[in-house]
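Both ligands and their constituent atoms are indexed starting at 1 by order of listing. Since this is a predicted model, take the numbers as computed values, not measurements.
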Amino acid sequence: MIPREAYFPGIDPSLTELLHAEGLRLFGVAALDAPLRRSAQTAGREYAEWIALGLHGEMAYLERHADLAYRPDEVQPGCRTVLVVGCNYYQTPQQNEAAATGRVARYAWGRDYHNALGKRLRRVVRRLRETHPGERFRSFVDASPLSERFFAEHAGIGYTGRHTLTISSAYGSWFFLGEILTTVALPSTAVGEPVHGGCPANCFRCGEVCPTGALTGHHRIDARRCISYLTIEHRGSISEELRPLMGDWIFGCDLCQEVCPLNVRSRETDLEDFRVHRAGERIPLAQLLDIADEQAYRRRFSGTPLLRPGRDAMARNACIAAGNTGAVELAPRLRRLADDPNPLVREHASWALDRLWQA
Ligand code: B12
Ligand code: SF4
Ligand code: SF4
């Protein structure tokens, strides 16, 4: 079944086919000259308030790019259209909870999505440049300053759930976003779509399940408390209040999506890039604790999103998971790491040892 099919009058009629050929079947057009579904000014104010409250933690790039988040015409001069693409990554877990393993969020089991989706969009752009000389096309996955979810909503791909993610009727929230900015004006595909009325009135399951209380209100997240931020973006020490709440997550977190009733719509991805596991669903903590330096870490996780935190932050995450899972067999490794050259690793290894003995 094709989740959403858009036609693009005024541009190469085979654009739909180009996207389908790349396995991309969820897409839509945010036309910049059409009335916005939610005003960019309001969204900009929300964003500025979020930053002013410090809820972005150490993600300084979000602060630096705040002025561009809703301005595709500043990112790509002359931009008239943001073609937004959603790429399904959902997979049902095959591995049960297992002692002394750390959990990886689904989006990171396979190939890094920046590469997997990025190469697909670049191929589409190359083709469009050939067929539309004189027009400009530029693709992005995550890497632009743009608020991708805002434009996804504007393109009618979905609406913002209370966990802040975009939910589509095709894949629930289990999809990546990417976009092509172009000078070609295309008609909006958002006509008649719901904006953000999708969450059932009394539902806040995502907020209730969140172990760290990161979902502080409907549509707002305190990134500093989100396990995804703590395990991926944050480089320093993790507060002792939050460590026990992180459970066995060592990279990202899926809890708010797993409980969402709107995710009954999820379907298995058919993209090999994600189906062939590189990091995998669960990683033995012993394996992570044994990685001694950055070079070895890069060899193990090259081509996966897990490359981002690097060896020291991942050793920190693995120590926390070791302490939380009560895996006493890891004590000798933790003792060794309590003498690691890196003070961050030493601190978290010592904490994990204390926690193991308390259990
Ligand atoms: C920074 C970032 C994070 C941070 C902050 C998360 C966040 N919710 O903002 C951290 C590290 C915590 C994070 C975690 C995750 N992320 Co992230 N992240 C980003 C990134 C790079 C920027 C997001 C951003 O600007 N946030 C700041 C907020 C304020 O900006 P905003 O979204 O524009 O703000 C909107 C809301 O505040 C909303 N809002 C506020 N009030 C109200 C009121 C109403 C009524 C409504 C409707 C909306 C609303 O409106 C604002 C404007 O649209 C985007 C990529 C991108 N460039 O957009 C990916 C992105 C959002 N992440 C993504 C993913 C997959 C994840 C994780 C699921 C990964 C994981 N499994 O661990 C988790 C999910 C955690 C969660 N519940 O959000 C995907 C989401 C895809 C989707 N379907 O929505 C994105 C789009 C990346 C991609 N290219 O696919 N992420
Ligand atoms: S990803 Fe996990 S920690 Fe972050 S908001 Fe969702 S449930 Fe909370
Ligand atoms: S769990 Fe409920 S409130 Fe949260 S995003 Fe899903 S439907 Fe909305």
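- Using 4.0 Å as the threshold, Gln257 has a heavy atom nearer than that to some atom of ligand 1.
- The shortest heavy-atom distance from Ile232 to ligand 1 is not under 4.0 Å.
- With hydrogens left out, the protein atom closest to atom 1 (S) of ligand 3 is Cys206 N, 3.4 Å, a heavy atom.
- The contact set between ligand 1 and Phe175, taken as ligand atoms under 4.0 Å from a residue heavy atom, comprises 81 (C), 82 (C), 83 (N).
- With ligand atoms numbered from 1 in the order given, ligand 1 contributes 71 (N) to contacts under 4.0 Å with heavy atoms of Ala105.
- Protein heavy atom in closest approach to atom 6 (Fe) of ligand 3: Cys260 SG, 2.4 Å.
- Of the candidates His114, His219, His65, His219 brings a heavy atom nearest to atom 49 (C) of ligand 1.
- Atom CZ of Arg335 has more than 12 neighbouring heavy atoms from other residues, nucleotides or ligands inside a 6.0 Å radius.
- Taking 2.8 Å as the threshold, Cys226 does not count as a candidate ligand of atom 8 (Fe) of ligand 2, since none of its N, O or S atoms lies below it.
- The two residues Arg275 and Gln91 have their closest heavy-atom pair at CA-OE1, 3.8 Å.
- By the 3.5 Å distance cut-off applied to N or O atoms, Glu233 is not counted among the residues near ligand 1.
- With atom 64 (C) of ligand 1 as the reference point, the heavy atom nearest to it among Leu255, Thr231, Leu165 is part of Leu165.
- Nearest to atom 5 (S) of ligand 2 among the protein's heavy atoms is Leu215 CG, 3.7 Å.
- Looking only at protein heavy atoms, the nearest one to atom 3 (S) of ligand 2 is Ile227 N, 3.2 Å.
- In this pair, His234 and Tyr229 present their aromatic rings tilted. The plane angle is within the 30 to 60° band.
- In summary, the atoms of ligand 3 found under 4.0 Å from a heavy atom of Leu262, numbered by their order in the structure, are 7 (S).
- Closest heavy-atom approach to atom 32 (O) of ligand 1 among the candidates Arg220, Arg149, His154: Arg149.
- When each atom of ligand 1 is checked for a heavy atom of Ser173 under 4.0 Å away, the hits are 83 (N).
- Nearest-heavy-atom check against atom 35 (C) of ligand 1 across Trp50, Tyr70, Phe140, Phe150 picks out Tyr70.
- Atoms of ligand 1 found under 4.0 Å from any heavy atom of Thr160 (numbered from 1 in listed order, with element): 47 (C).
- When each atom of ligand 2 is checked for a heavy atom of Leu255 under 4.0 Å away, the hits are 7 (S).
- Across all non-hydrogen atoms, the minimal contact from His65 to Pro145 is CB-CB, 3.5 Å.
- Around atom 31 (P) of ligand 1, the closest heavy atom drawn from Pro305, Ser147, Ser168, Ala223 belongs to Ser147.
- Taking every non-hydrogen atom of Gly252 and a distance limit under 4.0 Å, the qualifying atoms of ligand 1 come out as 72 (O).
- For the pairing with Tyr297, the side-chain contact (heavy atoms from CB on, under 4.5 Å) check across Gln295, Glu294, Arg299 returns one residue only, Glu294.
- The heavy atom nearest to atom 82 (C) of ligand 1, out of those in Val141, Thr166, Ile157, is found in Thr166.
- Not a single heavy atom of Val259 sits under 4.0 Å from any atom of ligand 3.
- Numbered from 1 in the order shown, with element, the atoms of ligand 1 that lie under 4.0 Å from a heavy atom of Phe176 read 90 (O).
- Within 6.0 Å of CZ on Arg80 lie no more than 12 heavy atoms contributed by other residues, nucleotides or ligands.
- Defined by atom type and a distance below 3.5 Å, a donor-acceptor pair is present between the side-chain atoms of Arg300 and Gln287.
- Closest heavy-atom approach to atom 75 (C) of ligand 1 within the set Cys226, Gly158, Ala66: this belongs to Cys226.
- Judged by the shortest distance from any of its heavy atoms, Ile221 lies inside the 4.0 Å radius around the atoms of ligand 1.
- Taking atom 8 (Fe) of ligand 3 as the reference point, the nearest protein heavy-atom neighbour is Cys199 SG, 2.3 Å.
- Contact atoms of ligand 2 toward Cys210: 3 (S), 5 (S), 7 (S), 8 (Fe) (distance under 4.0 Å to a heavy atom of the residue).
- Protein heavy atom nearest atom 2 (Fe) of ligand 3, with residue, atom name and distance: Cys203 SG, 2.3 Å.
- There is no path of hydrophobic side-chain contacts, each under 4.5 Å, that joins Leu165 to Phe176.
- For atom 7 (S) of ligand 2, the closest heavy atom belonging to the protein is Cys256 N, 3.4 Å.
- For ligand 3 and Pro200, the ligand atoms under 4.0 Å from any heavy atom of the residue are 7 (S).
- Residue contact check for ligand 1: Glu46 places a non-hydrogen atom closer than 4.0 Å to it.
- When only modelled atom types and interatomic distance are considered, Thr164 and Arg149 share a side-chain donor-acceptor pair under 3.5 Å.
- The distance from ligand 1 to the heavy atoms of Asp254 drops below 4.0 Å at these ligand atoms: 71 (N).
- Applying the 4.0 Å criterion to heavy atoms of His163 picks out, from ligand 3, the atoms 5 (S).
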